[in-house]
Amino acid sequence: MGALLASGRPSYSFEFFPPKTDEGERQLFRAVRELEPLQPTFVSVTYGAGGSTRDRTVRITRRIAEDTTLLPVAHLTCVGASRAEVRSVIGQYADAGIRNVLALRGDPPAGAGTEWQPHPEGLRYAVELVELVRSLGDFSVGVAAFPEKHPEAVDLAADAEVLVRKADAGAEYAVTQFFFRAEDYFRLVDRLDALGCRLPVIPGLMPVTNVAQIQRMVQLSGAAFPDELAARLHAVDGDPEGVRRVGVEIAVELGQRLLDGGAPGLHFYTLNRSTATREAYAALGLASR
Ligand SMILES: Cc1cc2nc3c(=O)[nH]c(=O)nc-3n(C[C@H](O)[C@H](O)[C@H](O)COP(=O)(O)OP(=O)(O)OC[C@H]3O[C@@H](n4cnc5c(N)ncnc54)[C@H](O)[C@@H]3O)c2cc1C
């Protein structure tokens with residue numbers, strides 16, 4: 001991944017999560033198959049809160065690596081695991097031929113907003129995981145970034161410095177939390193620039209497909225949802241097709257502003273569905289690239 005980004009080619013990627021049921025897994029692989037022809041730069045598979053999906057994340061990432069033409073990036077967190085246990089998961093990724101890891105701290109096991117307690121023999125911050133993964137072999141490592149700052153960070157400046165530390169530890173790119181104001185992204189990139197850090201930061205886009213869902217996610221992530229966008233969505237609430245159409249329009253407007261402003265690509269939060277992502281991809285003119 002690092003080499004791909006260094007080549008200056010924009011990176012387009014899709015994020016999936018490991019489902020809990022067989023039907024969920026069938027749905028996920030339908031979405032994977034429908035998105036595969038778009039030839040994204042990579043697809044990523046999340047690692048459940050508290051490491052709860054460890055085995056499923058490893059299995060699904062392996063299946064994508066073996067059964068599709070896609071390049072999978074496996075997420076990994078420090079939550080509830082000793083250093084030895086984290087090493088063992090990294091070994092499982094390596095055995096499955098997975099060389100791309102998104103190194104994350106993870107949210108506190110008791111839920112976002114509660115106090116973060118590392119495992120007594122574990123890692124405290126994502127930067128330590130970047131160092132560990134890099135020390136264990138030829139991995140390309142990405143990290144998380146937060147245009148509106150991480151909820152626990154004192155301020156935007158401190159959070160940008162954390163990102164610089166992750167880059168110095170060997171992270172080759174960052175992917176952001178989803179957000180809805182382009183200026184938040186550009187402010188983060190400007191801060192990194194001022195600190196002399198050229199880490200490619202790929203903005204995360206969440207095409208809204210359901211008004212209730214976005215309200216829940218905004219509450220959980222703390223992302224600001226501009227009133228003007230909320231009004232556009234509320235105007236079509238109760239009409240699922242209309243909500244998806246407006247959600248895709250909003251994602252396309254934001255994605256275009258980000259690309260026009262120099263973003264090195266886009267990362268789509270798919271929620272294991274393909275339709276909204278395919279529509280946004282096509283409207284941005286990426287399907288024919
Ligand atoms: C693209 C993306 C993908 C994600 N995927 C997953 C996933 O698969 N599974 C999952 O459970 N969660 C995932 N998350 C959520 C993420 O794990 C949480 O947001 C978590 O709270 C922060 O993770 P981090 O890697 O940024 O942590 P860190 O970089 O460790 O930062 C955590 C907090 O500590 C502060 N900090 C960091 N280093 C230091 C230091 N040295 N000294 C003082 N303060 C410091 C930071 O400013 C921040 O406030 C993802 C987030 C993003 C943006």
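First listed ligand is number 1; within each ligand, the first listed atom is number 1. This chain uses plain numbering: 1 for the first residue, then up along the sequence.
Remark: S88 OG to R54 CZ distance equals 6.0 Å, nearest 0.5 Å. In this structure, the separation between OH on Y173 and OG on S140 is 5.5 Å, given to the nearest 0.5 Å.
Side-chain contact check for H267 and T176: no donor-acceptor pair (N or O, by modelled atom type) lies under 3.5 Å. Between Q27 and R30, the side chains place a donor N or O and an acceptor N or O closer than 3.5 Å (distance only, hydrogens not considered).
The cationic atom of R134 (NZ for Lys, CZ for Arg) does not lie both less than 6.0 Å from the six-membered ring centre of F139 and within 45° of the ring axis.
The existence of a salt bridge linking E152 and R105 is confirmed by a sub-4.0 Å separation between a basic side-chain nitrogen and an acidic carboxylate oxygen. The pair R273-E34 fails the salt-bridge criterion, with no side-chain N (NZ, NE, NH1 or NH2) lying under 4.0 Å from an Asp/Glu carboxylate O. Look at R257 and D260 and you find no salt bridge, because none of the NZ, NE, NH1 or NH2 atoms lies under 4.0 Å from a carboxylate O.
Note: an N/O pair closer than 3.5 Å links H75 and ligand 1 by distance alone. For a threshold of 3.5 Å applied to N or O pairs, the pair formed by Q177 and ligand 1 contains no separation below that value. Note: an N/O pair closer than 3.5 Å links G106 and ligand 1 by distance alone. Distances between N or O atoms of A153 and those of ligand 1 include at least one value under 3.5 Å. For D159, a nitrogen or oxygen atom sits less than 3.5 Å from a nitrogen or oxygen atom of ligand 1, counting backbone and side chain alike. In terms of polar-atom proximity, defined here as any N/O pair under 3.5 Å, R124 makes no such contact with ligand 1. Below 3.5 Å of separation, one finds an N or O of A126 facing an N or O of ligand 1.
For the ligand labelled ligand 1, residue H267 lies outside the 4.0 Å heavy-atom shell. Not a single heavy atom of F17 lies less than 4.0 angstrom from ligand 1.
With ligand atoms numbered from 1 in the order given, ligand 1 contributes 1 (C), 2 (C) to contacts under 4.0 Å with heavy atoms of Y269. The ligand atoms of ligand 1 that sit less than 4.0 angstrom from a heavy atom of V162 are 29 (O), 36 (N), 37 (C), 38 (N), 39 (C), 45 (C), 46 (C), 47 (O). Within ligand 1, the atoms closer than 4.0 Å to a non-hydrogen atom of T77 are 9 (N), 10 (C), 11 (O), numbered from 1 in the order shown. For ligand 1, the atoms sitting less than 4.0 Å from at least one non-hydrogen atom of T46 are 8 (O), numbered in the order shown with element in parentheses. Of all the atoms in ligand 1, the ones that sit under 4.0 Å from a non-hydrogen atom of R165 are 40 (C), 41 (N), 42 (N).
Aromatic ring centres of F146 and Y185: separated by at least 6.0 Å.
Contacts with ligand 1 closer than 4.0 Å are made by heavy atoms of both the backbone and the side chain of R105. Contacts between W116 and ligand 1, counted as non-hydrogen atom pairs separated by less than 4.0 Å, are absent for every part of the residue. Both the backbone and the side chain of E152 come within contact range of ligand 1, each with a heavy atom under 4.0 Å.
Closest to atom 13 (C) of ligand 1 by heavy atom, among L156, L104, V79, is L104. Across Y125, F146, F179, heavy-atom proximity to atom 45 (C) of ligand 1 is greatest for Y125.
No side-chain heavy atom of L102 sits under 4.5 Å from any side-chain heavy atom of L76. Between F42 and I202 the shortest side-chain heavy-atom distance falls below 4.5 Å.
No option in V89, L104, V101, T61 other than V89 meets the side chain to side chain contact (heavy atoms under 4.5 Å, CB included) test with Y47.
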